[in-house]
Amino acid sequence: MYSTEQKLHFSTNLLEWYGRHKRDLPWRRSKNPYYIWISEVMLQQTRVDTVIPYFHRFVEQFPTVEALATAPEEQVLKAWEGLGYYSRARNLQSAVREVHERYDGIVPQTKEEVSSLKGVGPYTSGAILSIAYNKPEPAVDGNVMRVLSRYFLIEEDIMKPSTRTVMEKLARELILEGTASDFNQALMELGAMVCTPRSPHCLTCPVMAHCSGREAGMEEALPIKKKAKPPRPELRAVALIEGTGENAGKWLIRQRPQEGLLAKMWELPHVAWASDSWQSDEENQDELRSLLAEQEQIVIQPEGWFMDTEHIFSHIVWKMKVYRAKLLPASGQGPWAGANASFPTGDSWMPFHYRWVGPEDLGDYAFPNVFVRIMREWQEQGE
DNA sequence: AAACCGGGGAA
DNA sequence: TTCCCAGGTTT
């Protein structure tokens with residue numbers, strides 16, 4: 001398919017370049033498969049600069065397979081707070097528990113065993129096996145597909161699974177004997193530092209001389225990628241409910257269900273808006289009060305608009321209006337009654353688990369960033 | 001094959 | 001604004 005010379009030029013020059021230009025990243029200072037694994041999971045759909053501080057805190061808090069395997073899940077979610085894709089954290093702990101129990105704490109070394117672990121797909125298994133164990137397995141991520149599609153002028157849509165298969169076969173053929181660990185990292189490093197999505201730095205590229213994409217003047221047009229659909233908008237009204245009496249200075253928060261969007265994360269009570277537009281603040285607050293009473297048996301007295309904000313997922317965008325509110329005394333029998341007395345979770349009739357918390361308690365609960373922003377705004381206004 | 005699953009940095 | 005990032009799972 002592709003000439004041996006072109007392939008050999010690529011592998012040798014890339015390796016030589018990597019030896020001189022690789023960044024000093026925290027997870028490159030060790031070959032501990034557990035640390036490599038953590039870094040690879042964190043790096044899924046997340047930039048290096050974002051991951052670095054999380055990685056440091058995470059390995060400090062959970063330095064060994066056993067430490068993570070035996071930690072409470074809430075603590076792991078809290079350590080992941082702000083990174084997004086929280087199923088990554090829950091899957092990682094679940095998989096680490098399996099390694100702890102079934103493999104005596106040693107990350108397995110075969111493709112089949114590693115791939116069977118929760119949250120470990122083709123990319124991550126290849127990355128762990130190659131980087132930590134130097135096994136000649138491909139690790140094809142977005143960087144690698146971009147680099148290969150340009151260098152070998154591959155015009156297939158990289159969103160198609162079949163294209164990924166082609167890339168994996170090619171990437172495997174490019175690994176020279178005994179160089180898998182460095183080569184796979186070099187490939188990603190080139191994609192991150194030189195062969196960037198826009199304005200690639202071809203003049204400093206170690207493999208420019210035989211790059212088919214550049215020869216064809218196609219480097220900016222590659223890789224070919226079908227456009228994703230825009231996220232659908234959803235309006236949501238949020239209630240920032242202040243406690244009174246013994247709950248003065250606290251807010252009412254709730255934990256989301258075990259599965260689905262933001263599983264097990266904590267949040268401020270909010271309701272989906274049936275209509276696709278807002279009314280006046282007075283009408284919105286009336287509707288919010290009515291919906292909370294209906295859906296959650298929470299009866300509030302709204303006390304005015306607080307802020308507007310947005311939360312963007314890959315497939316949804318929450319357009320949120322936040323209203324301050326107090327609980328009405330008459331509503332003493334709601335789901336928050338005795339909320340701090342370890343209300344049972346997992347009841348099918350009771351999707352949310354409520355609690356009163358003050359600013360000093362926030363360290364015990366993992367929130368999606370949008371709610372962190374709202375609560376921080378609230379604290380700043382109170383000062 | 002398409003949908004679901006967060007959040008932010010860069011241009 | 002748009003893109004897309006060291007992806008995986010479910011339908």
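Note on naming: letters A, B, ... go to the chains in the order of the sequence lines (proteins, then strands), and numbering restarts at 1 for each one.
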- 5' precedence on DNA chain C between A:E189 and A:S115 (nearest-nucleotide basis): A:E189
- Determine the Euclidean distance between corresponding C1' atoms of B:dG9 and C:dG8; express it in Å to zero decimal places. 23 Å
- Query: How are the rings of A:F10 and A:Y151 set to each other: parallel, tilted or perpendicular (split at 30° and 60°)?
  - Reply: tilted
- Task: Could you check whether A:R23 gets within reach of a base, just the sugar-phosphate, or nothing at all, counting any heavy atom under 4.0 Å?
- Result: base
- Query: In terms of side-chain heavy atoms of A:T124, which of C:dG8, C:dC4, B:dA3 is nearest?
  - Reply: C:dG8
- Task: For A:L83, report the nucleic acid contact type (base, sugar-phosphate, nothing); a contact means any heavy atom under 4.0 Å.
- Result: base
- Between A:L261 and A:K226, the residue closer to the 5' end of DNA chain B by nearest nucleotide is A:K226
- Task: Between C:dA6, C:dG8, B:dG6, spot the one nearest the side chain of A:R164, thanks.
- Result: C:dG8
- Message: When you compare the side chains of A:K111 and A:S125, does any donor N or O come within less than 3.5 Å of an acceptor on the partner?
- Response: yes
- Note on the structure: Taken to the nearest whole Å, CG/A:D141 to C1'/C:dG7 is 9 Å
- Task: Establish, yes or no, whether the cationic atom of A:R88 lies under 6.0 Å from the six-membered ring centre of A:Y85 and within 45° of the ring axis.
- Result: no
- Using only heavy-atom distances, determine whether the side chains of A:Y365 and A:R355 contain a donor-acceptor pair under 3.5 Å. yes
- Specify the separation, in whole Å, of atom CD1 of A:I316 and atom P of B:dA3. 13 Å
- Choosing from C:dG7, B:dC4, C:dC3, which nucleotide comes nearest the side chain of A:R232? B:dC4
- Provide, to the nearest angstrom, the distance between the CZ atom belonging to A:R90 and the C1' atom belonging to C:dG8. 13 Å
- Message: Using a 4.0 Å heavy-atom cut-off, does A:L92 contact any base of the nucleic acid, only the sugar-phosphate backbone, or nothing at all?
- Response: nothing
- So, for A:W266 and A:F371, is the gap between ring centers shorter than 6.0 Å? no
- Query: Going by distance alone, is a donor N or O of one side chain under 3.5 Å from an acceptor N or O of the other, for A:S212 and A:Q6?
  - Reply: yes
- Task: Decide whether A:Q255 and A:Y354 meet the rule of one side-chain donor and one side-chain acceptor closer than 3.5 Å.
- Result: no
- Between C:dC3 (P) and A:I224 (CD1): distance, integer Å: 14 Å
- Contact check, residues 142-161 of chain A vs DNA chain C, heavy-atom distance under 4.0 Å, returns A:G142, A:N143, A:R146
- Whole-Å distance, A:E220 CD to C:dC4 P, equals 11 Å
- A:H315 side-chain N/O to B:dC4 phosphate OP1/OP2 under 4.0 Å: no
- Starting at CZ of A:R198 and ending at C1' of B:dG9, how long is that distance when rounded to a whole Å? 10 Å
- Expressed in angstrom and rounded to an integer, what is the separation of A:E310 atom CD from B:dG8 atom P? 13 Å
- Determine the interatomic distance between P on B:dC4 and the same-named atom on C:dA6; round to the nearest Å. 25 Å
- Query: Can you tell me if the side-chain N/O atoms of A:K229 get under 4.0 Å from OP1 or OP2 in B:dA3?
  - Reply: yes
- Send over the distance from A:Y85 OH to C:dC5 C1', rounded to a whole Å. 10 Å
- Message: Is it true that A:H210 and A:Y2 share a donor-acceptor pair across their side chains at a distance under 3.5 Å?
- Response: no
- Message: Mind checking if A:G260 touches a base, just sugar-phosphate, or nothing, with heavy atoms under 4.0 Å?
- Response: sugar-phosphate
- Lys/Arg-Asp/Glu bridge criterion (N-O < 4.0 Å) met for A:R236, A:E234: yes
- Report yes or no: do A:S116 and A:E113 form a side-chain donor-acceptor pair below 3.5 Å? no
- Donor-acceptor side-chain pairing of A:K31 and A:S181 below 3.5 angstrom: yes
- Task: List in numerical order all residues of residues 27-52 of chain A for which some heavy atom is under 4.0 Å away from an atom belonging to DNA chain B.
- Result: A:Q45, A:T46, A:R47
- Task: May I ask you to verify whether the side chain of A:Y123 and the base of C:dG7 hold a donor-acceptor pair under 3.5 Å?
- Result: no
